[in-house]
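It should be emphasised that the depicted structure is a prediction, and the values quoted were computed from it without experimental measurement. Note on naming: letters A, B, ... go to the chains in the order of the sequence lines (proteins, then strands), and numbering restarts at 1 for each one. Just the heavy atoms: all of them, side chains too, but no hydrogens, waters or symmetry mates, feed the values below.
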Protein chains: 2
Amino acid sequence: MASTRGTSFGSSRAEVAAAKLADILAGQQTGARLGTKEEVRASVDASLSLASFNETLRLLQSRGLVTVRPGPGGGVFVAEQSPMARLGNALLGLNIDRSTVGEAVRIRNALEALVVEDACLYATRADVAAMEQALARMRDALREEDGIEFLHSNWELHSKIAATARSEILSSLYLSLLDLVEEHTISVRSAGPMSLTEFHRERLGIHEDLVRAIEQGDLVEAAATVELHNKGLGVEARPSRGHRRR
Amino acid sequence: MASTRGTSFGSSRAEVAAAKLADILAGQQTGARLGTKEEVRASVDASLSLASFNETLRLLQSRGLVTVRPGPGGGVFVAEQSPMARLGNALLGLNIDRSTVGEAVRIRNALEALVVEDACLYATRADVAAMEQALARMRDALREEDGIEFLHSNWELHSKIAATARSEILSSLYLSLLDLVEEHTISVRSAGPMSLTEFHRERLGIHEDLVRAIEQGDLVEAAATVELHNKGLGVEARPSRGHRRR
DNA sequence: CAGCCTAATTCATCATGATGGTTATTGACA
DNA sequence: TGTCAATAACCATCATGATGAATTAGGCTG
């Protein structure tokens, strides 16, 4: 299980040491004592300075991987990682490529039903107003035949919908996936043969239905619309541009 | 937008400074220069030592929030955080309470369809064998009327199914949610009035159908079974035990 | 034996100074 | 004018030493 999952990118000595220590940690039971800070430092990288090793420990602490305690018998301990922390770390370690984006879309669609359900239950009048505003932007974009703007306003609508969800975990998950998709999507097109404008008109209609269902709190209608929404979508992704170096 | 979202728990000076700097960052455009390291340190917390501030910067760097560059005109810059990093860190900072668990179940159910779909498409014979093994454990548990064991074997089955999914993001998401639910679930019961054994018998049947559908790669049947699977489930969660202090 | 106090252990943070690596700018030179 | 080398601005990391706070172990008292 001690795989070398690169934590993003470890160019600094502190991060390299963190990766190494994380690997050591993976082979230990939670709660185990690794030794005093000094001992651990020496075993990870004897040439690492105290300051840098403090950075290492700070990183791992913030990821919920270790605990450091003072006093006799103190030192560095393997933390019990909450599933949430594990999830967070698992996602942090993933690198984004083209296929990831496709999967993100798929997952997002699966979550759409939940988000919309929540919106039906909890959306306030102000929330609905915000959605209407996004819808208006979509209409404008359609009239102007501005595909990019159409996409953006559509995303805005979805994020407004997601913002009403009560569950923090659901909304952050959904919004992040939306972000992820946004960042890597060039264009969306119909799955079938259809002119772009016509396609957009149809999409707009679906979203109008969606907002109406949310406004009326009609769970059944909303679910049906979501299903319609998720059908017939083709997403064209571009390869990750990585993180621009500058 | 500049909310004080506590990153887990910021007791150390470095983390406090990181939170503060993150708030400052939120009001800046990507790529903006905040100044030299020394200037930024002074503006965030003049009494913070260099070593601690280095920890601060390391944390924010690992979260993809800042970049630090050497050379004339160098210093601390606002970076754009990748959605994945944002998601990971958002989840790291969430604390688990009772409602979270309920939401996790809900999300897990929504993902179940995707996972099973993947299993239908990609499961090898060996995968199916592993699933059968878990099924056998479930049958034993049913015979012994061992509710706990039934739960555990059921979870094992689900994790075997999820393990076949191709998409890393889907499977880690699903498995982590499963973990989370496991760790906080006391028991599962029927939504209606039904004896526990009878309930378990029904659940077993559903899971047998599921594995059969996967084995045959029958997407339609699998989807129907998943829907059946997600209905009529009551989960009894216990409050988070927090993180034991020791 | 229980409870309390002291001492020892270990981490947290600060201060300061030094060396070496990156990067942008400047100025000389072909 | 274009190229290249020297220079200066900055960061990364190391080394050392000091102070204070947290925490535990052990001993002492009632």
Open item on the list: Give me each pair satisfying salt bridge (charged side-chain N to carboxylate O under 4.0 Å, His left out) with a member in residues 85-94 of chain B, each pair once, sequence neighbours excluded.
Closed with: D179(A)-R86(B)
Open item on the list: I'd like to check the salt bridge (Lys or Arg N to Asp or Glu O under 4.0 Å) partners of R13(B); sequence neighbours left out, ordered by chain and number.
Closed with: D45(B)
Open item on the list: Let's see if you get this right: which residues in residues 40-61 of chain B place a heavy atom under 4.0 Å from DNA chain C?
Closed with: S47(B), L48(B), S49(B), S52(B)
Open item on the list: Assess whether a salt bridge exists between D118(A) and R106(B), defined as any Lys/Arg side-chain N lying under 4.0 Å from an Asp/Glu carboxylate O.
Closed with: yes
Task: With sequence neighbours excluded, residues passing ring-ring contact (aromatic ring centres under 6.0 Å, His included) with Y174(B) - done: none
Task: Summary of protein contacts for nucleotides 3-11 of chain C, nucleotide by nucleotide, where a base hit scores B, a sugar-phosphate-only hit scores S (4.0 Å, heavy atoms) - done: -----BBBS
Open item on the list: On the six-membered ring of F77(B), is R69(B) placed so that its NZ or CZ lies under 6.0 angstrom from the centre and within 45° of the ring axis?
Closed with: yes
Open item on the list: With a 4.5 Å cut-off on side-chain heavy atoms, are I169(B) and I107(A) touching?
Closed with: yes
Task: side chain to side chain donor-acceptor pair (under 3.5 Å) partners for T67(B), two or more places apart - done: none
